[in-house]
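Notes to accompany the following structure.
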Amino acid sequence: MSKRELIEPNPGDKRFVRRDDQGQFSEQVDVGKSLAADQRQHADHDAGKGQGDKGDRQT
């Protein structure tokens, strides 16, 4: 799976996106919702760099 990439298509609208093999967006999520969801989880294992939404993440 590709790393999350931060984009800002419009001022004030930041999103984390992943691209597929053809360079098309495969998934996208608002930054605020993504970071809030990350903070609600308790990590048991480390996730790799750029993979904070996959598996666990130490906070």
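Just so it is clear, the structure is predicted and the values come from calculations on it, not from any experiment. What you see below is based on every heavy atom in this structure, not just the backbone, and it leaves out hydrogens, waters and symmetry mates.
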| query | Partners of Q28 by side chain to side chain donor-acceptor pair (under 3.5 Å), sequence neighbours excluded? | reply | none
| request: Go through the steps to decide whether S34 and R15 satisfy the test side chain to side chain contact (heavy atoms under 4.5 Å, CB included), and finish with yes or no. | output: CA-CA 9 Å; S34 178; R15 297 177 175 275; over 6 Å; no
| request: Evaluate the side-chain proximity of D13 to D30: yes if any heavy-atom separation is below 4.5 Å, no if none is. | output: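 SC-SC contact between D30 and D13 confirmed.
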| For Q22, side-chain contact (heavy atoms from CB on, under 4.5 Å) partners two or more places apart |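 By the side-chain contact (heavy atoms from CB on, under 4.5 Å) rule, Q22 matches D20, Q24.
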| field | D21: partners by salt bridge (Lys or Arg N to Asp or Glu O under 4.0 Å), with sequence neighbours left out | value |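 Counting only residues at least two positions away or on another chain, D21 forms no salt bridge (Lys or Arg N to Asp or Glu O under 4.0 Å).
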| query | Are the side chain of S2 and the backbone N or O of R18 linked by a donor-acceptor pair below 3.5 Å? | reply |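 No: the side chain of S2 does not pair with the backbone of R18.
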| query | Which pair of non-hydrogen atoms, one from L6 and one from K14, has the smallest distance, and what is that distance? | reply |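 Taking L6 first and K14 second, the nearest heavy atoms are CD1-CB, 4.1 Å.
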| query | Got a second to check how far E27's CD is from R4's CZ, nearest 0.5 Å? | reply |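 Separation between the atoms: 9.0 Å.
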| request: Decide side chain to side chain contact (heavy atoms under 4.5 Å, CB included) for E5 and I7; before the verdict, give the C-alpha distance in whole Å, the side-chain angles of both, and the deciding distance to 0.1 Å. | output: CA-CA 6 Å; E5 178 182 337; I7 64 168; 4.0 Å; yes
| task | Using the rule that two of Ile, Leu, Val, Met, Phe, Trp, Tyr join whenever any of their side-chain heavy atoms come within less than 4.5 Å, decide whether V17 and V29 are in one cluster. | result |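 Hydrophobic grouping puts V17 apart from V29.
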